[in-house]
Amino acid sequence: MSVQEQSPEDPAAATGASGAHPRSLAEDLRARDDASLAALLRARPDLVTPVPTDLTQLATRAGTRASVVRALERLDRFALQTAEALAVAPEPAPYGTLLALLAGDEGDPAVVRAFPGALAVLREQALVWGPDDRLRLVRTARELLAPVPQHPSPTGLGPTVAEATAGMSPGRVQELLTAAGLPTTHDAVSAVAALTDLFTDRVRMAALLDTAPPDALDVLSRLVWGPPYGQVNADPAPRLRWLLDRGLLLPTAPGTVVLPREAALHLRAGRAHRTTEPLPPAVEPASVHRPQVVDAAAGGQAYTALATVEELLKDWDEGGPTVLRAGGLSVRDLKRTAVALDLPEPVAAFWVELAYAAGLLASDGETDERYAATPAHDEWLELPAAERWTRLATAWLGATRTAGLVGGRDSKERTLSALGPGLDRSAAPEVRHRVLALLGALPEGTSASPDSVVARLRWERALRGAASSDDLRSRLAGWTLAEAEYLGVTGRGALSAHGRALLGIAAEPPSGPGAPEGPGDKLPVPHRHHAPPPPAEPRTPAEAAADAVRAGRLLAPFLPEPLDHVLLQADLTAVAPGPLERPLADTLGVLADVESKGGATVYRFTPGSVRRALDAGRSASDLHAFLAAHSRTPVPQPLAYLIDDVARRHGHLRIGAASAYVRCDDDSLLNEILADKRSAGLRLRRLAPTVLAAQADPAALLEGLRAMGFAPAAESAEGDVLITRAHAHRTPPRTAPEPVPDGPPAPDGTLLGAAIRAIRAGDLASTAPHKASSAPAGNGALPRTSSAETLATVQAAVLTGGTLWIGYVNAEGSASQRVIAPIRVEGGFVTAYDHTADEVRTYPLHRITGVAELADDPA
């Protein structure tokens with residue numbers, strides 16, 4: 001049996017095999033059950049917003065250009081190839097004809113197996129309708145996918161013989177028949193049909209081509225896979241003349257010829273596409289590690305992620321960089337932040353954007369607008385480490401802001417800056433979830449080849465995925481793999497156990513007898529349905545929160561416990577062998593400078609850092625006690641001497657505000673300052689033996705004397721030493737930025753059920769047969785009845801339990817038609833069950849414009 005003669009593998013898939021064929025998409029939808037309509041609205045959520053009034057409106061909306069383009073963009077490659085093949089098939093096309101265009105004359109077994117699933121997807125999404133012997137592509141999709149000279153089809157096929165000869169003279173058409181060895185006909189229509197029959201007959205067409213000159217066949221081979229158009233001059237070469245005389249090349253414009261579609265399909269052995277891709281490309285494993293190693297690596301990276309975000313916000317604690325006039329960070333501020341974090345600029349941009357997406361930093365809204373931590377940051381710091389990580393990870397998963405775009409250009413060639421506008425990409429959350437789901441489909445501990453992940457994504461969204469490697473989804477996939485590793489969702493490229501929990505992916509069942517032995521055996525095996533498994537119902541916020549809690553529990557054992565001690569060394573350094581408890585880390589951060597970070601953090605004590613601690617109100621005895629309490633090693637003598645030496649000199653000089661002054665009980669020290677040439681810029685002069693006045697402000701005077709090696713202290717107007725502590729600048733309460741949705745959200749089960757009931761009821765109101773009225777209206781419109789007739793008909797329906805078709809005008813003047821079952825009539829109102837709204841309502845009788853009895857009870 002040839003491919004053209006084959007029937008669907010699943011007999012139940014053939015719709016319309018018996019009974020009248022649907023004449024429109026609306027009639028096709030009317031024949032579907034509620035489950036099928038729910039699947040359509042779930043796959044194309046734009047159709048349900050707002051809820052259509054009836055199935056005719058639903059069909060109209062499903063055929064609009066914007067909705068069809070969106071639906072085509074979400075098709076996988078084979079489903080799109082099926083739609084493209086149907087666009088070049090005769091309309092309507094039988095099942096076997098469409099299958100032959102995809103499987104070819106030889107009948108590719110993989111295509112034959114996958115074809116029913118692809119056709120089912122197109123039917124489910126209302127892109128294809130009709131029974132199997134009369135398949136039709138919705139008109140808008142045919143216009144988008146059918147080949148025209150301005151927009152060649154992806155199939156590379158040109159127009160049919162009938163389309164290419166539409167403007168040809170009848171005599172010229174008869175000449176084509178004669179040259180092809182066919183008898184002439186009485187009219188051009190039958191001549192075109194005879195030529196079409198020749199080109200679609202494999203035997204006769206092969207015999208005709210056997211007589212062609214070899215160089216003529218070379219011409220056809222260059223056009224067969226497209227583009228099908230070529231250029232000829234006024235005096236074609238003999239090989240071109242042979243093709244033109246027999247209609248194998250047909251003129252479309254002066255100097256332009258085209259290879260007819262039927263001839264191209266013969267040369268292609270019946271295939272509409274050069275390469276048909278019925279199965280998704282497999283995600284190839286890159287490396288395999290023990291799951292425990294992956295989880296440990298991911299846990300370590302998760303701790304680093306927390307430390308990086310904390311360090312970033314601590315760096316901006318007193319007020320971060322200023323906000324550009326157009327919004328965002330300047331290039332200079334991003335570089336400064338990258339240096340402070342000891343990271344490359346693109347990675348620093350990622351952490352800045354992540355903190356912003358999590359609501360931990362924002363602009364303060366002041367006149368001199370700056371970025372700063374939000375009040376939510378202080379609450380976040382008090383959470384357990386695992387819960388802090390889940391806050392970051394869930395914010396990353398759902399964010400549409402894309403840090404990878406920082407430094408690029410927008411459509412107006414403006415540079416895209418971190419925290420600035422123009423970074424939202426609505427496809428980002430979907431791509432992140434899909435990339436991680438592909439990793440989750442691999443065996444535990446297995447990382448994926450990035451190229452194979454990108455190839456899979458391009459197959460799953462064929463129309464959006466451009467052929468180049470620079471399309472947005474490909475770049476989003478690459479950024480996702482890198483960012484997941486930074487954040488600790490993956491470890492060594494493989495999805496961790498807490499990453500699986502965060503996504504709601506069930507853990508793999510334990511291995512046992514008959515379990516796969518190697519990574520390749522455990523890859524997802526493409527099943528008979530060509531597309532990836534249909535997406536499950538989207539998780540509710542409660543389910544996502546529960547998954548985040550479970551992820552935190554799985555991560556917690558891999559996060560290091562905070563330490564309450566350091567190791568002091570004789571070279572004026574302290575080594576923290578792990579993360580420190582927050583009070584210890586905060587105090588040590590004031591007393592010493594961070595010299596290096598990594599598995600262990602090295603702090604260095606300097607005169608400046610000790611003076612900073614003294615300025616913050618600590619005494620020398622406090623510092624000695626602090627170090628002795630938190631050091632596992634004795635306090636080195638050089639460190640004790642350093643603290644005592646700085647403390648002895650600290651505050652000996654006092655600086656206050658006159659313009660500024662220096663006072664000291666030791667007049668010889670003031671003489672030393674005046675004699676020092678470095679003090680010339682401060683413009684000091686003696687007011688008294690123990691007081692010097694300066695023309696610099698107190699802050700500049702403090703810095704100047706400290707640069708000269710002195711240890712002055714600031715004092716208040718009352719003469720008390722001022723204690724200087726870091727001032728934590730916070731923004732007003734801010735909410736995290738809202739993601740930019742990628743179209744309408746997928747409807748939940750409740751909305752779907754209500755929408756389908758409303759559509760069914762509205763369809764019943766518009767299509768239900770009704771009895772003739774005494775005052776018939778023209779053109780099939782709702783009959784208009786007098787008030788007395790309306791009242792009498794409604795009262796009779798209450799007594800008989802009948803159902804009425806009414807016209808109704810609401811208070812805003814909008815007219816509608818409804819199907820109601822009256823329950824009672826009193827006080828000028830009728831209370832009835834409204835089948836359109838699926839609820840009991842009350843209507844004023846004076847607003848009912850007409851009423852008619854239904855021929856059949858809709859119940």
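Computed from heavy atoms alone, side chains included, the values below leave out hydrogens, waters and symmetry copies.
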Does CZ belonging to R391 count more than 12 external heavy atoms closer than 6.0 Å?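 For R391, atom CZ is not crowded (no more than 12 foreign heavy atoms under 6.0 Å).
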How about CZ on R847, more than 12 heavy atoms from neighbouring residues, nucleotides or ligands closer than 6.0 Å, or not?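 For R847, atom CZ is crowded (more than 12 foreign heavy atoms under 6.0 Å).
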Side-chain donor/acceptor pairs under 3.5 Å, residues 140-148, sequence neighbours excluded:
from : atom 1 : to  : atom 2 : distance (Å)
T140 : OG1    : G63 : O      : 2.4
R142 : NH1    : A87 : O      : 2.9
R142 : NH2    : L86 : O      : 3.0

Looking at the rings of Y843 and Y808, which for Trp means the six-membered one, are their centres under 6.0 Å apart?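 Centroid separation for Y843 and Y808: below 6.0 Å.
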Using the ring centroid of each side chain, check whether F78 and F115 are separated by less than 6.0 Å.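 F78 vs F115: aromatic centres not under 6.0 Å.
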Residues that R824 engages under salt bridge (Lys or Arg N to Asp or Glu O under 4.0 Å), provided they are two or more places apart: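 Listed in chain order: E826.
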List for me each residue that meets salt bridge (Lys or Arg N to Asp or Glu O under 4.0 Å) alongside R409, sequence neighbours excluded, and say none if there are none.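 Listed in chain order: nothing, the list is empty.
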Residues [X], [Y]: salt bridge by 4.0 Å N-O rule:
| X | Y | value |
| --- | --- | --- |
| R456 | D76 | no |
| R475 | D471 | no |
| E430 | R473 | yes |
| D34 | R760 | yes |

Check for a donor-acceptor pair, side chain of [X] on one end and backbone N or O of [Y] on the other, with a separation under 3.5 Å.
| X | Y | value |
| --- | --- | --- |
| T402 | G404 | no |
| R44 | A62 | yes |
| R550 | L502 | no |
| R461 | R74 | yes |
| R414 | S411 | no |
| E163 | T160 | yes |

Considering the options V121, L137, L98, T82, which one meets the side chain to side chain contact (heavy atoms under 4.5 Å, CB included) requirement together with V128?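 Running side chain to side chain contact (heavy atoms under 4.5 Å, CB included) over V121, L137, L98, T82 with V128 returns exactly one hit, L137.
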Does the side chain of T790 pick up a donor-acceptor pair with the side chain of T785 at under 3.5 Å?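 Yes - a donor-acceptor pair under 3.5 Å links their side chains.
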Decide whether E369 and S363 meet the rule of one side-chain donor and one side-chain acceptor closer than 3.5 Å.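 Side chains of E369 and S363: pair found under 3.5 Å.
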Between P822 and A797, which heavy-atom pair has the shortest distance, and what is it?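 Looking at all heavy atoms of both residues, the shortest contact is CG-CB, 3.8 Å.
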Check against side chain to side chain contact (heavy atoms under 4.5 Å, CB included), D28 and R136: CA-CA 11 Å; D28 186 270; R136 295 178 184 271; over 6 Å; no
Please walk me through it: do L75 and L122 pass side chain to side chain contact (heavy atoms under 4.5 Å, CB included)? CA-CA 9 Å; L75 292 178; L122 296 175; 3.8 Å; yes
Spacing of L392 atom CG and L354 atom CG [to the nearest 0.5 Å]: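 Reported value, rounded in 0.5 Å steps: 5.0 Å.
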In sequence, state the C-alpha distance, the side-chain angles, and the governing distance for S67 and R61, and then conclude on side-chain hydrogen bond (donor to acceptor under 3.5 Å, both in side chains). CA-CA 7 Å; S67 182; R61 192 178 296 173; over 6 Å; no
